[in-house]
Each structure stands twice: as structure tokens, then as C-alpha cells.
Amino acid sequence: MEQHDFKLLYATYTNRDENGERFPLIEMFGRTREGQSIAVLYKGFFPYFYLIEPPQATLDALAKDAEVRSLEPRTLFREGRPITAYKVTITRPGDTPVYRDRYGATAADIVFRSRFLYDNDLGSHIRAEGEERKTKQPYRTDLVIDASKLSPVDAFFAPLRILSLDIENLRNNQIICIGLVREFEGKIEEEILDGAEKSILEKFRRIVVEDDVDVVSGYNICNYDIPLIAARCAQNGVSTAWARNGRDVVIRRRGMDSRDGNGAKDGGKKYVDKGTNTTVEIPGRLVADSWYFARKEKRPKRESLGAMAHLILGKEKLDVDTSKMDEEWQTNPGRVKEYCLQDTRLSHEILSKIRVLEKYQAIADVAKLPLFDCLLDRNSILIDSLLIRAADKEKVVVPNNHHGDDAEAIEGGYVHEPVPGLYDNVVVFDFASLYPSVIIQNNICFTTISDQGTIVTPEGVKFLDPATKEGILPRVMKGLLTARRDSKNKMKAAKSPEERGYYNSVQNAQKILANAHYGVFASRFYRFTDRRIGGSITALARNYTTGIISKLSDEGLKVIYSDTDSIFVVSPEQTIEGTVRFAEKLSDRFTQGALTLEFEKVVSPFFLGKMKKRYFGRIVHPVQEVVVRGYETRRGDSFPLLSRTLDALFERIMEKDIEGAVELCRREIKRVAEGDVKLEDLVISKTALDESSYKVMRRKKTGEEIRAEDRLPHVQAVKKAEKFGVYVPAGMKVSWIVTNSRRTPQQVEPYIDGIPFSHTPDYHYYRDKLCDAYLRVLETFDYDRDALVEKEQLGLF
DNA sequence: TCTCGCTGCTTACC
DNA sequence: ACTGGTAAGCAGCGAGA
């Protein structure tokens with residue numbers, strides 16, 4: 001008998017048929033406290049679901065069904081009322097959907113690996129007791145254990161083995177080299193695989209398997225490198241059995257079929273920010289695309305590796321024209337290999353720098369899930385893990401997720417009409433965790449919604465008093481918020497930067513999880529969703545915010561803006577000290593029960609135009625810092641010249657030098673109109689999707705189809721980039737410069753790293769964009785276009 | 001040919 | 001296959017001036 005504590009990275013199961021016994025074998029993969037890789041196998045757990053008040057005919061059919069292992073009556077609860085249900089245990093996990101559809105089973109769409117973890121109260125760190133297998137086949141880990149007992153343990157550190165890669169290929173797709181960076185036990189090694197393609201591919205497989213890597217990474221590897229490696233393996237007859245259970249890599253393309261045929265709409269909402277259109281799964285290991293996570297964490301203007309390395313690392317890519325790779329490989333293979341290795345290095349360093357693995361390990365820990373499930377980036381998985389466990393404990397019915405229907409959207413947060421101006425000493429208040437607090441304060445839950453409820457929301461929905469019955473949702477919320485306070489205290493008391501960083505990741509994960517709950521309750525498909533619940537949360541939140549705004553206004557205070565959980569008030573005091581005292585008093589006064597109105601900061605000066613969600617100012621308390629929201633300086637799709645000069649404009653305004661601000665704008669407008677500007681300053685970037693993602697538009701009169709590339713500048717840029725042999729994957733940003741905006745559609749030319757730009761920008765287009773943006777700020781000071789653009793500049797073209 | 005209301009699209013804010 | 005609503009601004013369409 002052995003005992004091992006391990007960090008759970010990936011869980012799955014396999015159907016077994018041994019000596020006439022059919023059963024699913026749970027397979028868990030991870031790394032032990034001591035740093036060995038481990039496969040933990042568990043036999044004896046079977047899939048099940050529930051039937052609510054099934055007819056006798058169904059029970060009879062199930063009793064005779066050879067796949068059914070047991071049929072047990074259970075009392076479950078729905079909205080507080082008892083219901084007769086049957087727990088049906090079957091043999092094969094894959095058969096569950098069949099039973100679900102045939103009998104209308106509930107709790108019948110929970111993936112088997114999750115069901116196993118929930119029922120055994122397991123999280124992301126596990127103690128396994130059992131026998132070590134003598135023959136490891138088909139597993140590829142240091143240890144293979146047949147577990148007889150599993151129990152949860154506290155989180156611990158185990159060094160993950162990370163392998164970053166980057167490939168170079170010729171025009172005919174032949175792979176000429178693979179750059180590798182290994183980070184094992186904190187040590188970094190580099191290697192280039194070259195030679196015959198077949199041997200490169202074989203070596204690559206051997207390294208993944210024999211070095212037993214936990215994480216495979218690289219820049220855009222899911223869209224590009226791995227699918228190409230897999231395709232070349234197929235061509236060369238090389239195995240892609242990279243998985244820890246001996247299986248092949250699984251590559252799924254999310255193509256047109258996953259979207260509705262007539263464009264990208266899905267119940268009125270599009271999923272553009274998901275980025276990647278291909279997912280790669282290597283069972284037992286993790287795949288972490290550094291592009292995907294860097295994009296998500298940093299929201300950069302441009303997404304090429306060069307731009308991202310510059311932004312995140314301050315390092316540069318080697319300068320090679322990839323469109324001439326074939327020639328370069330002929331004349332200077334050493335240079336190509338160095339270039340390849342440098343890219344691998346940069347990708348690897350980006351992944352480390354943004355601390356993705358640390359962040360998601362904390363989320364996995366808080367959500368009690370394998371790290372793999374958290375990297376999938378699907379909130380409902382995280383919420384399921386907490387809520388289904390809690391519901392099971394209280395014998396509460398767990399519904400299936402429903403398909404997105406055409407249910408009406410619930411009303412969201414309140415946004416106050418801005419009162420434009422340039423102010424001194426503006427106090428910003430903020431409800432701490434507004435939606436979680438609203439849930440706790442009003443005991444909002446699918447278990448407490450009741451006609452007998454004494455808590456009545458503005459929309460007339462009733463919930464039971466917590467003294468009568470505390471809801472699951474408020475309890476989970478309280479647990480998360482309390483745990484977060486605890487983590488924050490531990491963070492403050494930490495003795496080392498590592499310890500501090502760890503608790504910071506944990507408190508951040510607790511916040512993410514607390515806030516993610518509201519989202520799923522307002523969604524159209526989530527299993528516990530009830531429009532009355534999502535609607536109640538936002539309605540109450542709106543009431544709290546607008547209630548305070550009214551009170552403050554009645555008292556003669558000037559409320560100039562508010563968005564969802566924040567309130568901006570002009571201080572009646574002239575000094576910062578006086579303002580802080582004023583703010584602290586108000587914060588105390590409006591902090592009641594679970595709702596905390598925090599005094600967040602004093603901004604002075606503070607500028608607000610007539611647009612919502614846009615403002616800037618200088619924070620003077622508790623720290624010194626400039627804050628900008630919404631404006632083009634924050635947007636990845638504005639050109640650098642605009643971002644930079646707008647920032648300068650903000651500076652002038654914060655110095656109250658309005659004349660100087662106008663002068664600056666005039667100067668910049670004149671310069672760009674004269675073409676006195678660097679090309680890079682005019683580059684615009686936007687995410688471009690797959691052609692099929694765009695709505696099919698037709699000309700009204702002729703019915704003629706209008707192609708996306710003739711309608712959307714960013715799609716035009718993608719198409720034109722292809723002519724240079726540059727393929728922008730769907731979901732990645734593409735960059736361009738506008739060359740003629742007077743035509744429809746406007747003419748743009750792609751701006752590609754390493755390829756000289758040989759067109760003339762439409763300087764008047766850029767002049768007009770600058771002018772519009774400046775005026776959206778300066779109009780508050782009563783300036784118009786004539787003040788910015790010299791007369792003779794107008795109508796020149 | 002220009003203006004204006006509208007839709008589609010992307011990216012912000014919270 | 002999927003967490004939400006609110007909002008700004010750009011580009012193009014199509015109708016009317």
C-alpha cells in the first residue's frame with residue numbers, strides 16, 4: 001500500500017471490459033508533492049442521474065434494462081418542496097444522454113469526471129492510497145497507482161514541467177525545425193530539432209512523452225503549430241500519441257457548424273472574445289497557448305509575437321521576413337534556427353511573465369477542479385463545481401442546462417447620465433462585490449424563492465427570510481467572501497514574496513468565482529438559472545445605487561456619474577483632508593448589513609464629458625495615479641497617434657491649460673494632414689473572425705450578396721494579407737492602414753511585421769479621426785471643429 | 001451628392 | 001457551445017433632400 005499526494009491536472013475515464021465485468025475506470029493525472037508524475041486509477045464509480053416522479057412504465061423498463069445497475073427511490077427538494085425521485089445508476093457514462101433524452105432525466109449532463117470529484121468531495125489536490133502497478137502500460141507517468149482510497153488535501157506547490165515550442169515550415173508546409181524551451185524543476189534548457197521532417201516529428205513525440213511534460217505551450221500553437229505538426233505526422237506516418245494515457249492528441253476545429261448558419265448570432269449575443277477557433281487536448285497534460293492568455297490578460301493593441309514580446313517583456317524578435325522562409329532556409333539555415341529559438345524563448349517568457357499557471361492553479365483550488373477544466377475558461381464549470389456539491393448535500397434537484405432559448409434579457413446595471421465638467425475633489429464610492437452582497441443581504445437563491453417569502457424585490461419576487469431557511473447561493477457567496485478576507489489577511493502577513501503572491505492569486509480567484517455567480521444566473525442556459533433570480537439581483541442593485549444617489553442629491557450634494565456599483569460625488573470640501581473625512585462619513589453611513597459602500601478614491605481634477613463610460617482624472621487619494629476610462633487611449637482599435645496625443649491632451653486638461661490643449665490638437669491635426677507622421681502611428685488593429693461568422697448581407701434592391709471583405713475593413717485586411725502569404729487565424733487581431741476612405745468600402749492595406757508598407761495613407765482620414773476624438777473632449781469647453789482645423793485645410797480634396 | 005436613421009461589428013465599462 | 005447587461009464609436013446601407 002502506498003500513499004501519494006498529488007496536484008490534479010487532468011481527469012478522464014476509460015470504458016473497461018475485464019473478465020466479463022464492464023466498468024468505467026477513472027483516470028487522474030498530476031504531479032506529486034515530491035515532483036513525480038502520477039496516474040491515479042479508480043474503479044468502482046458509476047454514472048447516475050435522477051428521474052423526477054417517473055411513470056410506472058418507465059420504472060418497469062428500467063428494472064429490466066441490463067445497463068441499469070440500480071434504481072433507488074429518493075426524496076429530493078425543489079423550491080423547498082419534497083419530490084419523489086429515482087436515482088438511476090447505469091454502466092457506461094456515454095449512455096447518459098440516451099437515457100436523458102428517452103426519460104427526461106435530470107442531473108444528466110454532468111460530465112463523469114466532475115461527478116466523480118463532486119461525490120468524493122475531491123478538489124485540485126488529492127491524497128491517493130493504493131497499489132502501484134507493475135506494468136505501467138498504457139500510462140506514461142513515473143507512478144501508476146490503483147487507488148483504493150482518495151481524500152482531499154490542502155493545496156501545495158509542485159513544480160510543473162513546461163515545454164514551449166515553435167515551428168518553422170516551408171511554403172509547402174514541410175516542417176524544417178522545431179524550437180523547444182524546457183522548464184523543468186525551475187531549470188531552463190533550449191533545443192532545436194532539425195534534420196529530416198520525419199525524424200523531427202518522432203523526436204518531438206519522444207520528448208513530450210519521455211520528458212513527461214505537464215504543460216505544452218507556445219505562441220498560437222492551438223491554431224497553428226500543433227495542427228500542422230499533427231497533419232505532418234499523419235503524412236509521415238508518425239504517431240501523435242502524446243497523451244499520458246497513450247492516446248492521440250485531439251484537435252477540434254470550431255468551424256461554421258458550431259454557429260448558426262446565417263451568421264454569428266446566438267440568441268442575440270456573439271462570442272467573439274473567445275479568440276481561438278481550434279482547441280487542442282492532450283489527455284493527461286495541459287495545453288496553454290501563450291497568445292491566448294497574453295491576449296486575455298493584456299488586451300494589447302497588436303497581437304503579433306513581436307508586438308506582444310515588446311509590450312510584455314520589452315524584448316525584440318529577430319528580424320526575418322517569414323514570407324521568404326524558403327529562400328532563407330536555403331541560404332542561411334542557422335539564422336532561421338536562431339530566429340525559431342528566439343520566438344520559442346519569447347513565447348515561454350511571456351507565459352511565465354503573465355503568471356497564467358499560477359493564476360489558474362488558484363482558481364482550480366478554489367473551484368475544486370482539475371487545472372485543465374479551469375483553463376477551458378468556461379465559467380459555468382466553476383460555478384457547477386460549487387453549487388452542485390452544495391445542492392447534492394441538501395438533496396436539492398439539480399436540473400440540466402437548458403438550450404439557449406429566446407428568453408428576454410434581464411435588465412442590467414444602472415448608468416447615471418453624466419453631468420459634464422472639469423471638477424476638483426471628486427469622491428468615488430464603490431459597493432464592494434455588489435451582486436454577491438445583494439444575494440447575501442436578500443437571501444436570493446433557487447432554494448428560497450417562495451410565495452411565502454417575506455423578502456420582496458422591486459419586481460415582486462419573494463424570497464424566504466434567512467432565519468427561516470438560508471439559501472445555498474448566499475451561503476456559497478458568504479463562504480467565498482469570508483475566505484477572501486482571510487486570504488487577504490494572510491497575504492498581508494506573508495513572510496516571502498512567493499507566499500504573498502500565492503495568497504494574492506487565491507484571493508483573486510475567490511473574487512473571480514464570487515462575481516461569476518451572478519453571470520450564470522442571468523444567462524439563458526445555465527442549469528440553476530431562473531430569470532426571476534437574475535432579475536432580482538440587478539433590480540435590487542439598481543435600487544441601492546439610485547436610492548443613495550437620490551438621498552445625496554436631496555441633501556444638495558452633486559452626484560455627477562454612476563455606473564452599476566459606483567457613485568461619483570463632488571466633494572463639498574476644498575481640501576483633500578476634508579474630502580477624505582467627508583467621504584469616510586458617507587461610507588459609514590451607507591454601509592449596512594452585507595452591503596459595504598467603500599470610499600475608493602478622490603480624483604482631482606476629474607473630467608467628465610457627456611458620454612457614459614468615459615472619463616479621466618488624477619487620483620490624489622489613497623495613491624497618486626492617473627485614471628482614464630473608455631477613451632481611445634484605452635482601446636486596442638485606435639491608432640497609436642490618436643492614443644498618444646489624446647493622452648497628451650488629457651495631461652493639458654488636468655493642468656487646466658485648456659488653451660494649451662487646443663493648441664496641441666491644432667498642431668497634431670495640421671501635422672497629420674501634411675503627412676508628417678510615422679507609419680506605425682497610423683496602424684489600426686481589430687480582431688477578425690472566420691468569414692462564415694459574419695452575417696450574410698444582401699443589397700436590398702438587387703438581392704446581391706455583399707461580402708464581408710467588401711463591407712468590413714478588418715476582413716479586407718485579412719484577405720489582402722493572404723496575398724503576402726500571411727494567414728491571420730480567425731480570432732486574431734489584424735493590422736492595417738487606411739489608404740482611401742472616400743471610396744465605399746474604404747480601402748485599407750494590411751500592415752505586417754517584416755513586410756515594407758508601400759502605400760500612401762489617407763492622411764485626411766486620420767486628420768478627421770483625430771479631430772472627432774479631440775472634439776468629443778473639447779466640446780465640453782465649447783470648442784468646435786473650426787477651432788481645430790485651419791480653414792484652408794478644409795475641402796482641399 | 002450629402003444627411004440621417006438604422007444595423008452590424010468591435011471593444012470598452014462594470 | 002455558451003457568464004451577464006450597458007454603452008461608444010466606426011462603417012456601410014438605403015431613403016430622402
*Tell me what A:Lys686 touches on the nucleic acid: a base, only sugar-phosphate, or nothing, going by heavy atoms under 4.0 Å.*
sugar-phosphate
*asked:* Under 4.0 Å, heavy atoms only, any strand: does A:His517 hit a base, just the sugar-phosphate, or nothing?
replied: nothing
*Taking atom types as modelled, is there a side-chain donor on A:Ser536 or A:Arg532 under 3.5 Å from an acceptor on the other?*
no
*Just how far, in rounded Å, is P of B:dT11 from CE of A:Met611?*
20 Å
*Round to the nearest Å and state the distance from A:Arg302 atom CZ to B:dT11 atom P.*
15 Å
*Hey, does A:Arg634 reach any base, or is it just sugar-phosphate, or nothing, if we go heavy atoms under 4.0 Å?*
sugar-phosphate
*With sugar-phosphate meaning primed atoms plus P, OP1 and OP2, does A:Phe431 contact a base, only sugar-phosphate, or nothing at under 4.0 Å between heavy atoms?*
nothing
*Among B:dC13, C:dA8, B:dC9, which nucleotide sits nearest the side chain of A:Arg614?*
C:dA8
*For A:Lys610, answer base if it contacts any base atom (sugar-phosphate contacts may also be present), sugar-phosphate if it contacts only those atoms, and nothing otherwise; contact means non-hydrogen atoms under 4.0 Å.*
nothing
*Using a heavy-atom cut-off of under 4.0 Å over every strand shown, decide if A:Ile410 touches base, sugar-phosphate, or nothing.*
sugar-phosphate
Which atom pairs, donor and acceptor, lie under 3.5 Å between side-chain atoms of residues 729-738 of chain A and protein residues at least two apart or in another chain?
residue, atom, partner, partner atom, Å
A:Lys733, NZ, A:Pro300, O, 3.1
A:Ser735, OG, A:Arg302, NE, 3.3
A:Ser735, OG, A:Ser685, OG, 2.7

Set out, line by line, the N/O atom pairs under 3.5 Å between protein and nucleotides 15-17 of chain C.
none

*So what does A:Arg531 hit on the nucleic acid, given a heavy-atom distance under 4.0 Å: a base, only sugar-phosphate, or nothing?*
nothing
*More 5' along DNA chain C: A:Ala773 or A:Met697, using each one's nearest nucleotide?*
A:Ala773
*Run the ring-centre check on A:Tyr360 versus A:Phe293 and record whether the distance is less than 6.0 Å.*
yes
*asked:* Output the rounded distance in Å from NZ (A:Lys613) to P (C:dG5).
replied: 13 Å
*Could you state the CG-P distance from A:Leu642 to C:dG9, rounded to the nearest angstrom?*
12 Å
*Report yes or no: does A:Asp710 contribute a side-chain atom to a donor-acceptor pair with the main-chain N or O of A:Ile706 at less than 3.5 Å?*
no
*Under 6.0 Å from the NZ atom of A:Lys719, do we count more than 12 heavy atoms belonging to anything else shown?*
yes
